[in-house]
**Q** 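Here you go, one structure.
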Amino acid sequence: MMQANLQDRAERASRARAALLAIGAAVVTVTAFLRTTDTSATAEGLGWILLMATWSIVLATGGGLALSRQMRALLNDELSIANRGRAISWGFFAALGAAAAVLLAAPHVAIDLAGGIRIVTAAGLAVAMLRYAMLEWR
């Protein structure tokens, strides 16, 4: 009975994690495009790094660091770990594509270095988080 309850809680937590990562992808994307034209003051640059680091840690660990060991084991089963690997590879290729797009657009559109970095990192992380959310939602 206790194990069934724990499994139900893990299933709900898995869906909540998928929804959270989808929302996080939207936050990262919107934040990146709102900040692309900024002159990138040091505090804003550190804020971007903190945002990227936080969501990267959530993605890399599957979140739930405050959960019990049993719950983390149920949430981060072999399928979730495989899904995370697939999602991160999608993010890698999205970052490569975004970098190519920024490079091709640079002669025609004024893109400063910080803005270009935000576009590339946002594309990579947002695609990885969305892909992981989609795979986990199934």
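Only this structure's heavy atoms are used, side chains among them; waters, hydrogens and symmetry mates stay out. For this chain, numbers begin at 1 and follow the sequence in order.
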**Q** Does Met129 share a hydrophobic cluster with Met52, counting links as ILVMFWY side-chain heavy atoms below 4.5 Å and allowing steps through other members?
**A** yes
**Q** Mind checking whether Phe93 and Leu130 sit in one hydrophobic cluster, side chains of I, L, V, M, F, W, Y counted as touching below 4.5 Å?
**A** no
**Q** Mind running side-chain contact (heavy atoms from CB on, under 4.5 Å) on Arg9 and Leu74 for me, showing each step along the way?
**A** CA-CA 10 Å; Arg9 285 182 30 224; Leu74 287 172; over 6 Å; no
**Q** For Trp55 and Leu20, run side-chain contact (heavy atoms from CB on, under 4.5 Å): C-alpha distance rounded to whole Å, both residues' side-chain angles, the deciding distance at 0.1 Å, then the answer.
**A** CA-CA 10 Å; Trp55 283 112; Leu20 176 70; 4.0 Å; yes
**Q** To the closest 0.5 Å, what do you measure between OG (Ser56) and CG (Leu51)?
**A** 9.0 Å
**Q** State, to 0.1 Å, how close Ala18 and Trp137 come at their nearest heavy-atom pair, and which atoms those are.
**A** CB-CE3, 3.6 Å
**Q** Indicate if Val127 and Met134 have the same hydrophobic cluster label, given that clusters are the connected sets of ILVMFWY residues with side-chain heavy-atom separations under 4.5 angstrom.
**A** no
**Q** Determine whether the side chains of Asn83 and Ser80 contain a donor N or O and an acceptor N or O closer than 3.5 Å.
**A** no
**Q** Under a 3.5 Å threshold, yes or no: a donor from one side chain and an acceptor from the other, between Thr121 and Trp48?
**A** yes
**Q** Just verifying a value: how many Å separate Ile49 CD1 and Thr54 OG1, rounded to the nearest 0.5 Å?
**A** 11.5 Å
**Q** Check whether Phe33 and Val120 end up in the same hydrophobic cluster, where Ile, Leu, Val, Met, Phe, Trp and Tyr are linked by side-chain heavy atoms less than 4.5 Å apart.
**A** yes
**Q** Apply the test side-chain contact (heavy atoms from CB on, under 4.5 Å) to residues Ile88 and Phe92: give CA-CA distance (whole Å), side-chain angles for both, the deciding distance (0.1 Å), then the verdict.
**A** CA-CA 6 Å; Ile88 290 171; Phe92 172 76; 5.7 Å; no
**Q** If I take atom CG from residue Leu113 and atom CZ from residue Arg118, how far apart are they, to the nearest 0.5 angstrom?
**A** 10.0 Å
**Q** How many angstroms lie between CG in Leu59 and CZ in Arg84, if you round to the nearest 0.5 Å?
**A** 7.0 Å
**Q** Quick one: pull up CG in Asn76 and OG1 in Thr61 and give me the separation to the nearest 0.5 Å.
**A** 7.5 Å
**Q** Taking all heavy atoms of Ala105 and all of Ile111, pick out the closest pair and write down the distance.
**A** CB-CD1, 4.2 Å
**Q** Short question: side chain of Arg17, backbone of Leu75 - any donor-acceptor pair under 3.5 Å?
**A** yes
**Q** Go through the steps for Arg86 and Tyr132 under the test side-chain contact (heavy atoms from CB on, under 4.5 Å), then give the verdict.
**A** CA-CA 8 Å; Arg86 289 172 42 198; Tyr132 186 62; over 6 Å; no
**Q** For residues Ala87 and Arg131, report the shortest heavy-atom separation together with the two atoms involved.
**A** CA-CG, 3.9 Å
**Q** Which value, rounded to the nearest 0.5 Å, describes the distance between Gln7 atom CD and Arg12 atom CZ?
**A** 12.0 Å
**Q** Might you point out which heavy atoms bring Ala25 and Ala126 nearest each other, and give the distance in Å?
**A** CB-O, 3.6 Å
